[in-house]
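Encoded as structure tokens, the structure appears first; notes follow it.
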Amino acid sequence: MLLRRCFIALFFGVFLSSSALASTNYSDLYPNDPVQEAVDYLTEEGIVEGYSDGTFRPMALINRAEFTKMIVEGVLGETPSAAEYAACFVDVGEEWFAKYVCRAKELEWVEGYGDGRFAPGDNITRAEAMKILAEALEWELLDEDERSVFLDNQDNGQWYWDDLLRFEERELVDTLDSYISPHELITRKQMSLLLHRALTYEEGERPEVFEFELDPSAGYEEVLDLGLVAAIPSNVDFVHHSQRGWPYGCYSFATKTLVQYKYGEVLDIAEVQDRIAWDGTFIWSSGERSRFAAEYGYDLLFSYNNSAEFFFKKLALGEPLVLYIPYYSNGVNIGHQLVAYSFDADGVWVADSLQGGLQRHIPYSEVFLNGANFTTNLTEYRKVKSGGEQKMQSYL
């Protein structure tokens, strides 16, 4: 095994521009985003570098070809011969990545699909990345009888079960959610956080993760007393859309806003209506949410009555959420859905589809109704490789 530092440097080097930046002041990273500390560390250690335009591109996904190059050069410490390693899958010929993919295939590190493809441009999942990193760091399960706290990692017959558990045992994953989404396609931000935590653990320290600290009955004032800071600044130009022509389509437009922010996917609402058999009104039913998850390839995490701590820590992690607030028409509360992306001492900043689409500030009385210590409902979206599902979660 090569020195771990050699492995890690190559791990990120395959994804990055050859034009290194002299500082960690990337134009697309926010100072209060937890990933900033991770990227600062990784940059100072010479592990990562940005692109020549001054960006880090934290929301960009990582593909199979890039990751395979990391595995071969990082673990083996070699650059395979292009003459010897080529044309090992129907979609892998003599491209730049062919020698890495074909060498990895020879070592039985990678497999193709049943039709003979490797799909080098497909993005890598959380489970795949965790498996490779845990094996590279030579981690074993600390307790063979350990069981995951995540509801979607309970089947010890799944190939990734123990790989995810190795990170969980070492307290390297956030535990705010009931689900970890093994098939989620991970971003450069997620990989940076994962890698920084793994290295910190290797250095004998307990890295900071996002977990519950307070009793679920704690009100929002108590949570704010923890000193949490929103990862996304309130004055950022956050994507937003107008729901004009769809008077009761706020949930659909909040979904459109959120998936565009996270993944750059721009939904056609008329198409969505047709594909999920939505009647065009109000919040989607459970069946409509499940159909959206399956049709569009997302784990849709939906929760009723989630705690104030969950809400604030999600925003402190930089995870915007579809949020319910009251909305009155002719004296009747018909409800409204928008995207919460930031907060301050007085309220929450949201991307709203009303009035042609706008960003605005709402007081906490609209988030925590009638002095409650929980939100009404929240939705998070995670792009997955396959098998998107609606996953219900609540803590109260």
Side-chain angles (χ1 to χ4, degrees), residues 4-75 79 82 95-101 119-126 128-130 132-133 136 184-200 230-233 235-239 257-266 317-320 341-342 382-383 385:
R4 175 175 57 83
R5 187 65 70 191
C6 175
F7 161 77
I8 294 299
L10 286 166
F11 179 96
F12 262 79
V14 301
F15 306 133
L16 302 170
S17 164
S18 59
S19 299
L21 296 178
S23 73
T24 59
N25 188 28
Y26 301 112
S27 62
D28 54 353
L29 291 184
Y30 306 125
N32 292 321
D33 191 320
V35 79
Q36 182 70 66
E37 179 183 358
V39 174
D40 282 349
Y41 173 90
L42 296 171
T43 302
E44 289 167 5
E45 292 292 316
I47 298 169
V48 304
E49 56 190 37
Y51 291 88
S52 58
D53 63 358
T55 62
F56 184 74
R57 304 179 195 176
M59 306 305 286
L61 300 175
I62 301 170
N63 71 38
R64 286 163 57 86
E66 294 167 330
F67 204 80
T68 302
K69 181 178 187 292
M70 173 273 292
I71 296 304
V72 173
E73 287 200 336
V75 176
T79 299
E95 301 88 350
W96 67 266
F97 52 78
K99 57 190 176 184
Y100 303 105
V101 172
D122 284 3
N123 296 306
I124 198 163
T125 68
R126 175 181 300 281
E128 292 166 345
M130 282 184 163
I132 296 301
L133 186 52
E184 180 182 8
L185 303 176
I186 59 171
T187 64
R188 284 164 54 82
K189 172 178 175 175
Q190 291 168 314
M191 183 56 72
S192 295
L193 288 170
L194 182 66
L195 180 56
H196 179 240
R197 290 172 181 179
L199 291 180
T200 301
I232 303 174
N235 62 351
V236 70
D237 185 15
F238 199 92
V239 62
T257 289
L258 189 50
V259 302
Q260 183 174 342
Y261 167 78
K262 289 191 70 172
Y263 301 106
E265 182 174 2
V266 182
L317 185 56
E319 188 66 62
Y341 66 87
S342 190
R382 297 172 177 173
K383 191 71 175 173
K385 185 174 184 178

TODO: Decide if atom CD of Glu37 counts as having more than 12 heavy atoms of other residues, nucleotides or ligands within a radius under 6.0 Å.
DONE: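 Incorrect, the count does not exceed 12.
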What are the two closest heavy atoms between [X] and [Y], and how far apart are they?
X	Y	result
Ile124	Glu128	CG1-OE1, 3.0 Å
Thr187	Pro58	CB-O, 3.3 Å
Lys99	Thr79	NZ-CG2, 3.7 Å
Leu317	Ala231	C-CB, 4.0 Å
Ile232	Pro320	CD1-CG, 3.8 Å

Task: Close side-chain approach of Lys385 and Leu185, heavy atoms under 4.5 Å - done: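 Sidechains of Leu185 and Lys385: in contact.
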Open item on the list: Regarding Gln36 and Asp40, do their side chains bring together a donor and an acceptor under 3.5 Å, going by distance alone?
Closed with: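 Gln36 vs Asp40: donor-acceptor pair found between side chains.
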Task: Donor-acceptor under 3.5 Å (Arg126 side chain, Glu184 main chain) - done: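 Not confirmed, Arg126 side chain does not pair with Glu184 backbone.
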Open item on the list: For the backbone of Arg188 and the side chain of Arg57, can you confirm whether one donor and one acceptor N or O come within less than 3.5 Å of each other?
Closed with: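 Checked: no pair found.
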Rounded distance (nearest 0.5 Å) linking atom [atom1] of [X] with atom [atom2] of [Y]:
X	Y	atom1	atom2	answer
Phe56	Ser192	CZ	OG	3.5 Å
Lys262	Lys189	NZ	NZ	9.0 Å
Leu194	Leu199	CG	CG	9.5 Å
Thr200	Leu195	OG1	CG	9.0 Å

Open item on the list: Out of the candidates Arg382, Lys383, Met191, only one should pair with Ile186 under the side-chain contact (heavy atoms from CB on, under 4.5 Å) rule; please name it.
Closed with: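 Only one of Arg382, Lys383, Met191 forms a side-chain contact (heavy atoms from CB on, under 4.5 Å) with Ile186, namely Met191.
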